Structures are given as C-alpha cells and as structure tokens.
Chemist: 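First the structure, then my questions, so here it is.
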Number of protein chains: 2
Amino acid sequence: MKQDRHDGARATVTAIKDLILAEHLKPGDPMPTEAELVDRLGVSRSSVREAVRTLVALDILEVRHGTGTFVGQLSLRPLVEGMVFRGVLLPGDDLSVLREVVEVRRGLDLSLAPRVVERLSGAETDDLRDCVEQMKALAAQHTTYPVQDRQFHLNLAERLGNALYGQLVAAFWDIHTTVAPRLGVVGQRDLDVTAAAHGAMLDAAVSGDLEAYRAAVEAHYDPILRVLDERHPAPVS
Amino acid sequence: MKQDRHDGARATVTAIKDLILAEHLKPGDPMPTEAELVDRLGVSRSSVREAVRTLVALDILEVRHGTGTFVGQLSLRPLVEGMVFRGVLLPGDDLSVLREVVEVRRGLDLSLAPRVVERLSGAETDDLRDCVEQMKALAAQHTTYPVQDRQFHLNLAERLGNALYGQLVAAFWDIHTTVAPRLGVVGQRDLDVTAAAHGAMLDAAVSGDLEAYRAAVEAHYDPILRVLDERHPAPVS
DNA sequence: CAAAATTTGTGCGTATGTATA
DNA sequence: GTATACATACGCACAAATTTT
C-alpha cells in the first residue's frame, strides 16, 4: 500500500469500496458495523463516519438509523442532486442550464426512437394508453399531470432492455421538474399540446412509423423550449 | 420545523447549500471556515465536517487541506465514480453494465449528429484533424490512443453550445475506459477500424452528409459491441 | 530561512436517540 | 416494558498542511 498510516479519508473510502468488492456484496446487503470497520481498517471512528458519509452521498452505501449500514442501490440520485443544485445556482441570463437539460432529454428520447418503435409496434400498450388518457383528462381540467408524465417516460424506457437508459431518462425528468419551478418556468398553458404529443408518440410507435415518432418527440419538447426562447434567444437553432 | 435540534446531518447539508445560494457564491469562491460554520449553523464540528464530506462527494464543495473550503465545480464526477463502481460491482454474466454504457455513448453521439454536421460543414477543423492523424499513426504502431480519443469527442462536443452534452460525453467516456480494462475487455485488435471511424465521422461532418455521419458513428461503436457480443448474445438487436 | 498563525484532518470519550429482540 | 445493539451528535485535544509574518 502507498499509504499505511496517513491519508485516512480517501484511503478509508477506497478501503470500504474494496471491502464491498472482496466480499461480493450486492445492493441491500448489510455492511459491518462502524466499530468493526474501525477495527478492520485501523482508523478512527471519525474517519470511518466521514468515509461512510461520502459513500452515502454517492448511493454506494445506505445508513438506516439505529439499524445498520447497507450497500446502496447505486442509483443516479447523486447526479440528480448535483444537477438540481447546479440548475438553481447557475441559472444564467437565459436559463441555460435548464435549457441544456431539456435538450438532453430530447436527445435521449430521439436516440431511443428506433428501439421504441421496434418494441412497441403491435405490442401491448395498455399502461401507456392509460397514462395518455389521464393526461388528456387532467389537461382538460387545466391541471398538471407530473405523475403520469414521469410514468409514461419510465414505462417507455423500461421496454428497451437497457436499465441505464431508463434511469437517465428518469434522472433528467427529475432534474427538469425540480429546477423549472424554482426558476419560475411554469408552462401551464401548453398542457393540451403536451398531452396530445404523448398520445402522438404512442400512436406513432404502435403503428411503426419512426419518422412520425420523431416528430412527436419534437412536438413534446417544443412548448418548454419556446418558453425558454421567450426569455432569451436560443444559442442554437 | 420538525427537527430543530436533531437530524444535524441532513439539516446541515441543506443549510450549507442554502448559505451558498443566499451569498450568491460561484464555483471556486471561498467558503466560511469550519469554525465559522459551527457558529453560524449552531451544530458541532463533527456535523459540519460530515455535511461537508457529503457535499464534497457531490462536487458541490471542494476542500484544500490547510487552506480552506471552496465552492466546487458542480461537475459530473460523482456520476462517473458511482457508475464505475456499479460497473465493477455488477458485471453481470453479459457485462451488461458496460454494454449499457456503450449504448448510451452511441445514443448520445447519434442524437448530436444533426448539430455536429450543421456546425462542422465547412468549418475550421484542424484540432479534430490532428486527433485523427495521431490516432491513425498510433494505430499503425499497434498502440492505444486514449488521450486522442477523448480529445476528439470533447472537441466535437465543445462546438455545440451545450456544455452539459459535452460533460455527459466526457463522463461516459471516462466510465467506459475505466470499467472496460477491469473487466478484461481490451479490444486492441480493432485499433485501425476505430481510428478510421473517427476519420470517417470527421469527413462526413465537414462535407455535411448527415447519413454518412450516422453510419460512421455506428462503425465507431461496432468493434466494442462485437467484443461484448462474443461473450454473451445482446439482449437487443 | 524560520517561526507563528490559520485551517483542515484525525482520534477519542461520552451522552443520546432509535430500532430490534 | 426492558434490555441490548447500533447509529447519531457533541466537544476537546492534537496532528498535518498551508500561508503569512
């Protein structure tokens, strides 16, 4: 080892990670107690606790008060937390961070288009159909539908055989919907347009029309991008 | 408030975040000292330190020993660290995590294709040309070229007017190149193919040929995906 | 160059809150 | 309800790194 006695912080973090790998622990498995980690790693309680804090922040560990420490779910929650803070800290004159997030969301959906169409053409789509119907009904009452919106994109991503894609879609959905209200971007007026866009995406996908699906995705993100344009001209067309 | 005296951990984290927002601090700005945070937040030094650890893990804070604490760069480093650990912890029988990462990289590049072609057609591309030439030269000597590879994708993303896209591309490049060696995925035999694919991407972009660019992106990721296929059949075509 | 001041890093003891048996 | 095990919080003392005097 390069550092036996010193540099406890970083060394302890990697030591705990190595321990997880060496014991072949999986998400949800129990970790040794703090006291046992102190013994096995040869560092103080403070160092162990601070290292555990670091790993909890990354969702590599999970601590349940009074119960114990467990291997975390390795989710993208750290990405969401960091990007949300970035969004509110660096709004920019043109809400640039929020714009970039929306553009990434559109890019993710567009890059998934071929697979979505392939998977959904002629398939069972009751869950997605339900989401769209609820959205349209709520839009008619001038009510927002965040739950249905998120569920729609999640159900879509779940059918692709790539869990990471689904988690990225969900993560940027979370970032978007958390940052937008804090910056005063509401966009309540386009509820009908957005609900209809979801329906168009679904219709295009089940009928196997790739280009129509791509167009529907564009229409889905058009309202929010126009709201951002009203505040400041887009840096790109 | 539900927790006035207790729950110092989470409360202190948000208190520090609120402090950054209230003072309008930007990345790189100095933070109050630990002692001052103890006074202002009314919690113990241990709590402050653990909260700071959490924020350092998210790159919201940065600590320099003996100097002080500063606002962090809010980068995607936490995403990289988490995904790398996920990649080595959950390799799966089919190296599924690595496959998903590569597929996301391809998706990002494909979704950027229209913009790249628009921006590069007839533009100055000396830096990108240099990268490709160096790659080809190194490939001829059967040498890997990770630096040139990363630089190519970064230079590409930098021209798009969306910093987040560039950081995502760089982050998943880092994840890919960190995880692949640990799982024994080398792919040294396809150095020529990959170098040529970069050249083809550049040629297609400057000539404004969107479809040729898309094809070159596919060719770029084809070698690594074939290597993954050899170990286990792909879950999707 | 050297000493002092400042700031973060580490270790340890103790008291308290919380979940489980 | 009680006991036990565990995590959480606090405070102090000292070590290490950096900047300033």
Side-chain angles (χ1 to χ4, degrees), chain A residues 1-20 23 25 27-73 77, chain B residues 1-20 23 25 27-73 77:
Chain A
M1 293 293 181
K2 184 165 48 179
Q3 300 125 334
D4 255 317
R5 290 259 144 232
H6 305 78
D7 199 12
R10 272 187 134 40
T12 306
V13 169
T14 64
I16 293 176
K17 287 206 273 189
D18 290 344
L19 186 149
I20 295 173
E23 311 254 341
L25 301 180
D29 286 352
M31 289 284 295
T33 67
E34 283 188 0
E36 196 171 336
L37 286 176
V38 168
D39 289 346
R40 290 174 63 168
L41 306 182
V43 293
S44 78
R45 195 179 172 85
S46 315
S47 299
V48 168
R49 285 186 58 77
E50 291 185 11
V52 168
R53 282 293 179 201
T54 296
L55 294 169
V56 167
L58 298 173
D59 204 20
I60 289 175
L61 289 183
E62 175 189 349
V63 169
R64 293 202 278 270
H65 192 154
T67 307
T69 306
F70 304 82
V71 179
Q73 299 300 313
R77 185 172 46 73
Chain B
M1 289 295 183
K2 183 167 53 180
Q3 303 123 337
D4 255 319
R5 290 255 148 240
H6 308 79
D7 197 12
R10 281 201 180 285
T12 306
V13 168
T14 64
I16 293 177
K17 286 205 273 190
D18 290 344
L19 186 148
I20 295 174
E23 310 254 339
L25 300 180
D29 285 352
M31 290 283 295
T33 66
E34 285 185 356
E36 197 172 333
L37 286 175
V38 169
D39 289 346
R40 290 174 62 169
L41 305 182
V43 295
S44 75
R45 188 166 173 226
S46 313
S47 298
V48 167
R49 284 188 57 79
E50 291 185 13
V52 167
R53 283 288 177 225
T54 295
L55 295 169
V56 166
L58 299 174
D59 203 20
I60 290 175
L61 289 183
E62 175 189 348
V63 171
R64 292 201 278 271
H65 190 163
T67 305
T69 307
F70 305 82
V71 179
Q73 299 301 313
R77 184 171 46 73

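Quick caveat: nothing in here was measured; it's all calculated off a predicted structure. Proteins get letters first, then strands, A, B, ... in listed order; numbering begins at 1 in each.
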Chemist: Please give, in whole Å, the distance from D/dC6 C1' to A/Arg49 CZ?
Modeler: 11 Å
Chemist: What nucleotide among C/dG9, D/dA9, C/dG11 has an atom nearest to a side-chain atom of B/Arg45?
Modeler: C/dG9
Chemist: Under 4.0 Å from any atom of DNA chain C, heavy atoms only: list the residues of residues 29-39 of chain B that qualify, in numerical order.
Modeler: B/Thr33, B/Glu34
Chemist: Rounded to the nearest Å, what distance is computed from the CG atom of residue B/Leu61 to the P atom of nucleotide C/dT7?
Modeler: 16 Å
Chemist: Ignoring hydrogens and angles, answer whether the base of C/dG11 and the side-chain atoms of A/Ser46 contain a donor-acceptor pair closer than 3.5 Å.
Modeler: yes
Chemist: Shortest non-hydrogen contact from B/Pro32 to B/Arg40?
Modeler: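 In terms of heavy atoms, the two residues are closest at CG-NH1, 3.9 Å.
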Chemist: Which heavy atom in A/Gly28 sits nearest to a heavy atom in A/Gln73, and how many Å separate them?
Modeler: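 Residues A/Gly28 and A/Gln73, closest heavy atoms: N-NE2, 4.0 Å.
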Chemist: Please enumerate all residues that pass side-chain contact (heavy atoms from CB on, under 4.5 Å) together with B/Arg45, with sequence neighbours excluded.
Modeler: B/Glu34, B/Val38, B/Arg49
Chemist: Is there any salt bridge (Lys or Arg N to Asp or Glu O under 4.0 Å) pair reaching into residues 11-20 of chain B, and which pairs are they, with sequence neighbours excluded?
Modeler: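 For residues 11-20 of chain B, and leaving out neighbouring residues, the salt bridge (Lys or Arg N to Asp or Glu O under 4.0 Å) pairs sorted by first residue read A/Glu81-B/Lys17.
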Chemist: Do any side-chain nitrogens or oxygens of A/Ser44 fall under 4.0 Å of OP1 or OP2 in C/dT10?
Modeler: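 For C/dT10, OP1/OP2 do not have a side-chain N/O of A/Ser44 under 4.0 Å.
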Chemist: How large an angle, rounded to 10°, do the end axes of the helix from C/dA2-D/dT21 to C/dA21-D/dT2 enclose when each is built from five base pairs?
Modeler: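 Between the first-five-pair axis and the last-five-pair axis there is 10°.
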Chemist: Which atoms form the tightest heavy-atom contact between A/Leu41 and A/Ala15, and what is the distance?
Modeler: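 Looks like CD2-CB, 3.9 Å.
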Chemist: Looking at D/dC10, C/dC12, D/dA7, which one has an atom nearest to any side-chain atom of A/Thr69?
Modeler: D/dA7
Chemist: So which nucleotide from C/dT8, C/dT10, D/dA7 ends up closest to the side chain of B/Val63?
Modeler: C/dT8
Chemist: How far does OG1 of A/Thr12 sit from CG of A/Leu37, to the nearest 0.5 angstrom?
Modeler: 9.5 Å
Chemist: Kindly write out the residues that satisfy salt bridge (Lys or Arg N to Asp or Glu O under 4.0 Å) with B/Arg64, not counting sequence neighbours, or none if the list is empty.
Modeler: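 So B/Arg64 forms a salt bridge (Lys or Arg N to Asp or Glu O under 4.0 Å) with B/Glu62.
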Chemist: What distance do B/Leu55 atom CG and B/Ile20 atom CD1 have between them, rounded to the nearest 0.5 Å?
Modeler: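 Nearest 0.5 Å value for the CG-CD1 distance: 6.5 Å.
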Chemist: Nucleotides 18-21 of chain D: which of its N/O atoms have a protein N/O under 3.5 Å away?
Modeler:
{"from": "D/dT18", "atom 1": "O3'", "to": "B/Thr67", "atom 2": "OG1", "distance (Å)": "3.4"}

Chemist: B/Ala51 and B/Ile16: which non-hydrogen atoms are nearest, and at how many Å?
Modeler: CB-CD1, 4.1 Å
Chemist: Could you state the atom-to-atom distance from CD of A/Glu50 to P of D/dA7 in whole Å?
Modeler: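 Rounded to whole Å, this separation is 16 Å.
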Chemist: Would you compute the distance between atom CZ of B/Arg10 and atom CD of B/Glu50 and round it to the nearest 0.5 angstrom?
Modeler: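 Between B/Arg10 CZ and B/Glu50 CD, I get 13.0 Å after rounding to 0.5 Å.
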Chemist: Write down the atom of B/Pro27, the atom of B/Gly72, and the distance for their closest heavy-atom approach.
Modeler: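 Heavy atoms only, the tightest pair is CB-O, 3.1 Å.
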